[in-house]
Amino acid sequence: MSTLNTDMGAKQQIKVVLTSENDVSDTESYRTGRYDSTKCEKIMRSLQLGGAVNSRRSNADLDPVPPSRRTWGTHNFAMYWISDDFSLSMFESASSLMEVGLSWKMAIACVTIAQFITSLPIVANGLVGSKYRIGFAIQSRAVFGWHLSKLIIVMRMIVSIFWYAIQAYNGASCIYAMTVAIWPSFRTMRNQLPESSDTSTQMMICFFIYFVVVIPFFFVPMHKLKHFFTLKTIVTPIVAFGIMGWCIQAVKNQGMYDALWIDDTATASGSNRSWLFLSGLYSNIGTWATMGVNSPDFTRYAKRNSSQYITVFVMPCMACLMTFLGVVTARASRVLYGTMMWSPMLLVNQWTSSGGRAAAFFCAVAWLIAQIGVNIAGNSVAAANDMNSLWPKYINIRRGQIITAVIGSYALVPWKIMESGQSFLSFMSGYTIWLGPITGILICDFFFIHKCKYNVWEMYKPKGIYRYGKLGINWCAFVAFTIGWVPLLPGLLPSVSSSYSMPEGVNHLYALGYFYGVLAPGVVYVTLWKLFPNRAALSQVPVYCDDTEYKDYPEDYEPY
């Protein structure tokens, strides 16, 4: 017994020694959970970005853009917007307007005017990016406050991820057209999925291929994406004009050329037509409203402030041209096949001869390039910048785009949204009731409150001049934002569900939603600020990133 006690005592002494050397034994680590915590900490450290800076909650992608990456000239912005307009969604933009009763001429005019109106806030808000070299997420801190800006950023991030999902499914339709052009038997491949899935085996295969194809584009640095948009600007218009030219020639061969230009689609008249026009205007503005918010994400790479001004000219001109191509092609398809095909993918799928399939393949490749460009420019980059600002220690633009692709491609099951979620799509278009007020407040804050004078480095300080009190909320912006969207909410409900019925005046206000959403919150915000100014948040002179370096917190400061 004494021997046993001696052995146990020796083991206990060894255990004490090990504990003193390793802080805690394996048994104690397991019991307290410290062993798992240490492993978790190692994993988190391995995921940290090398360029993340604790003292300003930032990383290389979130910092102001250095001179070496300011490479976007006027022609690059022109190419960017041309490439954005030459897309499947713009090709189909007139279809819904004609279905509700507008003529094809009015539909083209509606889309063109919507693009012009949208271009104005895009350029106005884009000046923040070109002057201070920051994106929307950093800009929002100076306007809404350190903590309220996080809510605004999340709201913008959500809509970007959802639209990425929808556009990714459109990209899969391009892959499908390419596949059936090479292997016609793919069209009749047996479907292994149940009907309740709202998709097919073929589309799931194409969707996965799109998911894989788009990932390499996430590794292209932002300031070099301009080359991809240039490529898209060259390829897509050639194919769009080629499809229209083929349709016109085919219709001529049948002696039905005059039928293309007969304006026989209008069914609405009087005041009803006017309100339908305004409703269509609001819907088309809503499609681009997110760009009015996040335009600094791209203009921060501009060579000079004036580089982006071309946007006001390019957007409406390209919208008019692209919508015209879509209308002519769709009307020609009705003559040729008996039904209007608004998507060029539906049209090229009809080309079943050997030569036709070759043409269909190259057309589908061009539209795939267009779809990838639209999804990157309008959705994945926007969502990635938002994630970057919320978790700068672990997420940069590249990682954010990958996360967006994973969530948008599979977690949101976009095939169900596209097949059976028309009310949800209406809600996403109606998301303008929140994006409009954000846009109006951002622009008014920059031009009328701060007089274009920001201190760029104060935006990176959790306790800087743009914190707006202990709560980190600019209450003037919060009140104005609330006034901007609450009156429009009742008008959104009938578009989401037919079970809701609202007075005519409510529906008319909703049709004017973007104008109200931008102007009313802007006026309220400026008025409240004049009555209750926060002079501590005003900078007497503009402080640019090139003027001074960030020097405030010590290196060991840990705001995370």
Side-chain angles (χ1 to χ4, degrees), residues 74-75 77-123 229 232-248 260-266 268 273-274 276-292 295 308-334 340-344 347 366-367 370-371 373-374 377-378 429 432 514-515:
T74 300
H75 68 286
F77 280 97
M79 294 292 186
Y80 172 81
W81 290 113
I82 292 173
S83 69
D84 230 25
D85 274 330
F86 273 85
S87 63
L88 290 177
S89 57
M90 187 57 66
F91 202 90
E92 303 164 5
S93 58
S95 61
S96 60
L97 299 176
M98 293 171 65
E99 287 176 2
V100 297
L102 296 183
S103 68
W104 65 267
K105 292 179 181 178
M106 290 191 69
I108 293 175
C110 184
V111 175
T112 303
I113 295 172
Q115 287 274 283
F116 173 73
I117 293 172
T118 307
S119 70
L120 299 178
I122 288 176
V123 171
F229 296 129
K232 179 186 169 185
T233 303
I234 296 172
V235 173
T236 311
I238 294 175
V239 170
F241 277 104
I243 292 175
M244 184 187 73
W246 178 88
C247 288
I248 292 176
L260 291 178
W261 315 110
I262 298 175
D263 199 3
D264 60 352
T265 55
R273 181 173 60 184
S274 300
L276 283 175
F277 186 89
L278 287 173
S279 179
L281 196 67
Y282 174 73
S283 177
N284 279 277
I285 290 174
T287 304
W288 295 86
T290 182
M291 300 301 292
S295 57
Q308 59 146 345
Y309 293 162
I310 193 69
T311 301
V312 178
F313 173 77
V314 172
M315 284 189 68
C317 289
M318 290 301 104
C320 180
L321 175 59
M322 193 61 182
T323 309
F324 176 77
L325 294 176
V327 167
V328 173
T329 303
R331 290 171 67 85
S333 68
R334 183 175 63 179
M340 278 196 180
M341 299 179 184
W342 288 100
S343 173
L347 184 63
W367 286 113
Q371 205 59 28
V374 168
S429 297
T432 309
Y514 190 76
F515 304 101

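This one's a predicted model, so the numbers in the text were calculated from it and none came from an experiment. Nothing fancy with the numbering, it's 1 onward along the sequence.
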Closest heavy-atom contact between [X] and [Y]?
{"X": "Gly373", "Y": "Asp84", "result": "O-OD1, 4.4 Å"}
{"X": "Gln308", "Y": "Val123", "result": "NE2-O, 3.0 Å"}
{"X": "Ala78", "Y": "Ile310", "result": "N-CG2, 3.8 Å"}
{"X": "Ile82", "Y": "Met318", "result": "CG1-CG, 3.7 Å"}
{"X": "Thr323", "Y": "Ser93", "result": "OG1-OG, 3.5 Å"}
{"X": "Thr236", "Y": "Ala370", "result": "OG1-CB, 3.6 Å"}

Exercise for the section: If the plane angle is over 60° it's perpendicular, under 30° parallel, otherwise tilted; pick one for Trp104 and Phe324. Expected result: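 If you compare the ring of Trp104 with that of Phe324, the planes turn out tilted.
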query = With no hydrogens and no angle check, is any side-chain donor or acceptor of Ser333 less than 3.5 Å from a backbone partner on Met341?
reply =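 Judged by distance alone, yes, a pair lies under 3.5 Å.
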If you round to the nearest 0.5 Å, how far is [atom2] of [Y] from [atom1] of [X]?
{"X": "Ile285", "Y": "Cys110", "atom1": "CD1", "atom2": "SG", "result": "8.0 Å"}
{"X": "Met106", "Y": "Ile113", "atom1": "CE", "atom2": "CD1", "result": "9.0 Å"}
{"X": "Lys105", "Y": "Ile108", "atom1": "NZ", "atom2": "CD1", "result": "9.5 Å"}
{"X": "Leu347", "Y": "Thr329", "atom1": "CG", "atom2": "OG1", "result": "7.0 Å"}
{"X": "Tyr80", "Y": "His75", "atom1": "OH", "atom2": "NE2", "result": "15.5 Å"}

Considering only distance and modelled atom types, tabulate donor-acceptor pairs under 3.5 Å from the side chains of residues 240-248, sequence neighbours left out.
none

side-chain hydrogen bond (donor to acceptor under 3.5 Å, both in side chains) contacts in which one or both residues fall within residues 106-121, not counting sequence neighbours: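 For residues 106-121, and leaving out neighbouring residues, there are no side-chain hydrogen bond (donor to acceptor under 3.5 Å, both in side chains) pairs at all.
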Report yes if some heavy atom in the side chain of [X] is under 4.5 Å from a heavy atom in the side chain of [Y]; otherwise report no.
{"X": "Pro344", "Y": "Leu88", "result": "yes"}
{"X": "Met322", "Y": "Val111", "result": "no"}
{"X": "Leu281", "Y": "Phe515", "result": "yes"}
{"X": "Met315", "Y": "Phe116", "result": "no"}

Problem - Residues which pass side chain to side chain donor-acceptor pair (under 3.5 Å) with Thr311, listed by chain and number, not counting sequence neighbours - result: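 In terms of side chain to side chain donor-acceptor pair (under 3.5 Å), with neighbours along the sequence ignored, Thr311 is linked to Trp81.
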Task: side chain to side chain donor-acceptor pair (under 3.5 Å) against Gln371, all qualifying residues, sequence neighbours excluded - done: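 Gln167.
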- Message: Apply side chain to side chain contact (heavy atoms under 4.5 Å, CB included) to residues Trp288 and Asp85 and explain how you reach the verdict.
- Response: CA-CA 11 Å; Trp288 295 86; Asp85 274 330; 3.5 Å; yes
I'd like to check the ring pair (Phe, Tyr, Trp, His ring centres under 6.0 Å) partners of Tyr514; sequence neighbours left out, ordered by chain and number.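 With neighbours one apart ignored, the set is empty.
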* How would you list, by chain and number, every residue that makes a ring pair (Phe, Tyr, Trp, His ring centres under 6.0 Å) with Phe86, sequence neighbours excluded? ->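 Partners of Phe86 by the ring pair (Phe, Tyr, Trp, His ring centres under 6.0 Å) criterion come out as none, since no residue qualifies.
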